[in-house]
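These values consider heavy atoms only, across backbone and side chains, with no hydrogens, waters or symmetry-generated copies. Below, chains carry the letters A, B, ... as their sequence lines are ordered, and counting in each starts from 1.
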Amino acid sequence: MATLQPVVLFFVFGVLAGVIKSDLKIPEALYKSLSLFLLIAIGFKGGVAMSKYEIMEVLPIATAMVVLSALIPLTAYPILRFIGKFTQADSGAISAHYGSVSAVTFAVGVAFLAAKDEYSEGYMVLIMALMEIPALVTGTILARAGASGGETKWGKLMHEILTGTSLYLLVAGVIIGYYAGMVKMVEPLDKMFMDLFMGVLAFFLLEMGLLAASRLKAVMAKGVFLISFGILFPMMAGLFGAYLGWIFGLSEGGTMLLAVLYASCSYIAAPAAMRIAVPDADPAISIGASLGVTFPFNIFLGVPIYWEMSHWFHTIPV
Amino acid sequence: MATLQPVVLFFVFGVLAGVIKSDLKIPEALYKSLSLFLLIAIGFKGGVAMSKYEIMEVLPIATAMVVLSALIPLTAYPILRFIGKFTQADSGAISAHYGSVSAVTFAVGVAFLAAKDEYSEGYMVLIMALMEIPALVTGTILARAGASGGETKWGKLMHEILTGTSLYLLVAGVIIGYYAGMVKMVEPLDKMFMDLFMGVLAFFLLEMGLLAASRLKAVMAKGVFLISFGILFPMMAGLFGAYLGWIFGLSEGGTMLLAVLYASCSYIAAPAAMRIAVPDADPAISIGASLGVTFPFNIFLGVPIYWEMSHWFHTIPV
Amino acid sequence: MATLQPVVLFFVFGVLAGVIKSDLKIPEALYKSLSLFLLIAIGFKGGVAMSKYEIMEVLPIATAMVVLSALIPLTAYPILRFIGKFTQADSGAISAHYGSVSAVTFAVGVAFLAAKDEYSEGYMVLIMALMEIPALVTGTILARAGASGGETKWGKLMHEILTGTSLYLLVAGVIIGYYAGMVKMVEPLDKMFMDLFMGVLAFFLLEMGLLAASRLKAVMAKGVFLISFGILFPMMAGLFGAYLGWIFGLSEGGTMLLAVLYASCSYIAAPAAMRIAVPDADPAISIGASLGVTFPFNIFLGVPIYWEMSHWFHTIPV
Amino acid sequence: MNNTIAMKRFEIVVGIEKLEELVEILDNSGVRGYSLLKNVGGLGSRGVRDPDDVLMEEENIMVVLACKGDQAQKVVDGLRPALKSFGGMCLISDCLWLEGPPISY
Amino acid sequence: MNNTIAMKRFEIVVGIEKLEELVEILDNSGVRGYSLLKNVGGLGSRGVRDPDDVLMEEENIMVVLACKGDQAQKVVDGLRPALKSFGGMCLISDCLWLEGPPISY
Amino acid sequence: MNNTIAMKRFEIVVGIEKLEELVEILDNSGVRGYSLLKNVGGLGSRGVRDPDDVLMEEENIMVVLACKGDQAQKVVDGLRPALKSFGGMCLISDCLWLEGPPISY
Ligand SMILES: Nc1ncnc2c1ncn2[C@@H]1O[C@H](COP(=O)(O)O)[C@@H](O)[C@H]1O
Ligand SMILES: Nc1ncnc2c1ncn2[C@@H]1O[C@H](COP(=O)(O)O)[C@@H](O)[C@H]1O
Ligand SMILES: Nc1ncnc2c1ncn2[C@@H]1O[C@H](COP(=O)(O)O)[C@@H](O)[C@H]1O
Ligand code: NA
Ligand code: NA
Ligand code: NA
């Protein structure tokens, strides 16, 4: 078994603080500052790594992986709608969350690989940044298709997706990192965006734990189905991601990261987009499942499992 | 004489800014973020250091030092009550503050030792974390014993002490640091929690200076007694701490840190606890003495004095 | 041509975020925290560098450069008043902005030199800190001279200038850095104030970009004159600064930094001071020109131009 | 005025440590709408209270609440016994609710 | 009371996502002064709204506005059609403007 | 309503740079209680003021104050001369103080 990373213990202590009603509180401005940092840093790191490739070489394969991620909400929707008995709006919105990605889960995956000194493709970050687009669009279509009532505000939705903080900062980070890598001036910026990455992640996970604890009740109320879905669906999506990564010839590390991306689900960008696109969906359900069930599952068990999956595929003789 | 550490100059400039009414202000969110950082970092550092011991070996001696710290408020109380002529409530509350500890004073002590390259026992941090418990309980009993009027809310008080941010984060930091030390994964986290420690302390001391300046008037109003008490009592407590450290066979550095802990007094955790346990005590008095007199005394003169005390005990031939 | 520094791309992405109406926002507390950091860090760095000189040796030359900077507002005023047709109040206030300095522009200049491994005199920081005084005083006199109406609140103004956060923290940083350099205890503080400098600057420039974008409309409304002034005046002032630097025998790096100081203009300290001294001036105009035109010009084109100017002067055979 | 309903407006200021208790009382009185402002400072019988003080927790909160007359009486009955331990203040005045938004009073 | 002008006081609470629309309506009604408070929480037909929630954007804003009677009627006329989609609440009451400051109503 | 005292309610909005002066006037008028809200924005004779602007200091503050009629007259007398230089606004209305909390008016 892989060793548990110390950094995820911060999440545990966050949850615990919530459960025992400690007065521990992360100032809102700190939470927001840390998430800006993480987005830029993840992008920057990926951009620096990408500066070692010919972009044109990786573009088609990256595009394929992004486009295929639209299958995730398409699979999640019928499960939620017909087995879970959620409304069309809720099913679509939850699908969008699970099709989208969590940058922090990705970061935990990256840290896992770093601890193992495993290589992974730098452009995975770009895939992460772009995966939000098909997921949120597909989820919205599913939530709205054939439904009477209010027009979908597509213009507003696309603006929200394309200019939303997460996509914007990831892409900005990638471009700046790429440029810095090309002109060989990564040096003084890496002291901030690379060296401090794990420490900032630690703080962020502490807050994520507090947030997850505050959502637990909402999830429990929705019972067994949502919890099972929140664990089993990501494993399925992760398996699919690992399969794709292997098919596309990614390294073992890259394959694992693709599995993490397919398995992870959003709790920041997706809620913001769904509020605009599907205002009649209840955000408490999707955020509860995403943050209260899937996120902790992924960082504790999912990441090592996806690593095993990747490893397993790569032992298949071709 | 020991060289004055540059970091404490930040405190001086904080006080000065307050005195000349500069518009310098530390955003509240920054102050809170920095204190979260310091607590986690102090705990983490101590935890990593502790991972090199057998815990069971040090537990009894650590427990003894924590339990004995209950003597501090017991000594302070009669001085405050009968010489200082404070009310029972105020005397008890101030006693609780002086029995409790200041993590920042401790940090200045650690920085002092680091500049001298002196060893100290890692589990001093754990002692610091736990020293709040006997002090606040004893102080509350003193404030309340025999007093008529409102019941003491013991349940609420113990909850506040045990789940309060400072104790909670120190202990969380110790556990995570200990674990990271055991699995040899301290590495990327130390870039944040160790390398930046001094810089964060600098910022924090700047704010402490501003806060101390804003409390000066309240202290002055209480006159000579409070100022004398705020300087003489910690020296007495520090001497007792140094004696204990030497008796228990601590290193010179560890002995000095125990003296610092016994001498230092709280201005964050104790006010919060006393507001619940002894609401009729006036917080302006205890915070004023603690932050306006004892804290500056300790970081400028106390720390080098406790170092001399420790040195002096260790030259006694046994 | 000099390579564009990656860090200034953050400014570009800040402006772009504003233009495309991204929901990207920098929490106010982060903005304020970062500016405290930058001021202390710039001062600290300069102070450490200064600890290698005899202060008395450099004082006369530094004083001369500070005093001569009073010529900047004296030159700007008639241009603004008689060509730009601004009111006396506005002309005086804008003059004060352009006579004063921008610590962030200075920081970009320092980063430019660091990337080139070019030496510069440490005491340039002290010059920067002090240049605010003659500029703001001269600007105020110009805005007020002969004008009827309200008395100028000189007492309040001088207090604002001398105790204002920027001057205060720069000077505090210089003193602490100087002391740390003298006692050879720079070490643990540099991890914060030197290593992270570029990363913090990156964040700050992102916010500056957002702010500049929000001011663009105000500048556009004032038309061609203000934009031309915002570009041509700093080039003139920069040339004058470069000339002075060369005359006074500064290094090529130092000459360029003096040009940057003469060319840069304030958008933090000056608005605060002018609100008190010249309340009838419209801050939207001066901040718009300073932040919307001159700042971006300086960091993208000005800095490399001032470098060429310095280089050019230094090739003149003496 | 047309399209308006006569109502009572409550304006309650208490220390933030009493917020939970206050909300419970309002809930029990059947209140279906209120607005909550935090970070309120002020002067009162306990002296100056400054929510920006980082060392002492002295924040007040303000609740603004509009409801019909009969509901108002219930709120008064629920609040009055608690007000002594709450400190702060509770003001009542007349106002008109402009019809339009979903009913939340 | 001397030196006072009888006026109407509006107190409007809506979600922050409606702020821009609200300000536009006020501008169009000819309003020349209002005060704006952000970070307001509360309870209403959409349940509890907490501006401190970092995951869900649930902030309310409060606008306090004083104007003369005729102007008040224009505000009412401008606001009423929008209130349905705004949610929240709009209270109107009588007040006196104490003369002294530059006229901004 | 029972257990209530008729009072005057002041609602004052001024720029934060006037806060100290305002508090002094209130103190001198013998006021024993008020509530203070910071970070207020708004529109007025000086145009839009946004407390979130990091470059220009444009924050308003709001003071809400309840006191008895005679006290109110003193407040008015103290405030009026200063209002011109304060800008902003000062509204006065009638309200009832619900008895219970320690007297702070
Ligand atoms: N009766 C009321 N009294 C005071 N505030 C209210 C009332 N009803 C609604 N609100 C405020 O308006 C916000 C939005 O209301 P709603 O759209 O009904 O959810 C609530 O969160 C409250 O802040
Ligand atoms: N007369 C008053 N007018 C307005 N606010 C008041 C008044 N009295 C008390 N308050 C508010 O209630 C808070 C607590 O009051 P107290 O419990 O009397 O200290 C004060 O800090 C003020 O914010
Ligand atoms: N008619 C009004 N209603 C509500 N608030 C006002 C009104 N007029 C002015 N204010 C407030 O007072 C502040 C200062 O006003 P002024 O000094 O006129 O710019 C404004 O920014 C508003 O917050
Ligand atoms: Na996913
Ligand atoms: Na102590
Ligand atoms: Na200049």
> If you draw a 6.0 Å radius around NZ in A:K25, do more than 12 non-hydrogen atoms from other residues or ligands fall strictly inside?
no

> Taking all non-hydrogen atoms of both residues, which atom of E:M56 and which atom of A:R275 are closest, and how far apart?
CA-NH2, 4.0 Å

> Any chance you could measure A:L291, atom CG, to E:L55, atom CG, to the nearest 0.5 Å?
6.0 Å

> Are any of the side-chain nitrogens in A:R215 or E:D53 under 4.0 Å away from the carboxylate oxygens of its partner?
yes

> Considering residues, nucleotides and ligands other than E:I103, do more than 12 of their heavy atoms fall under 6.0 Å from its CD1?
no

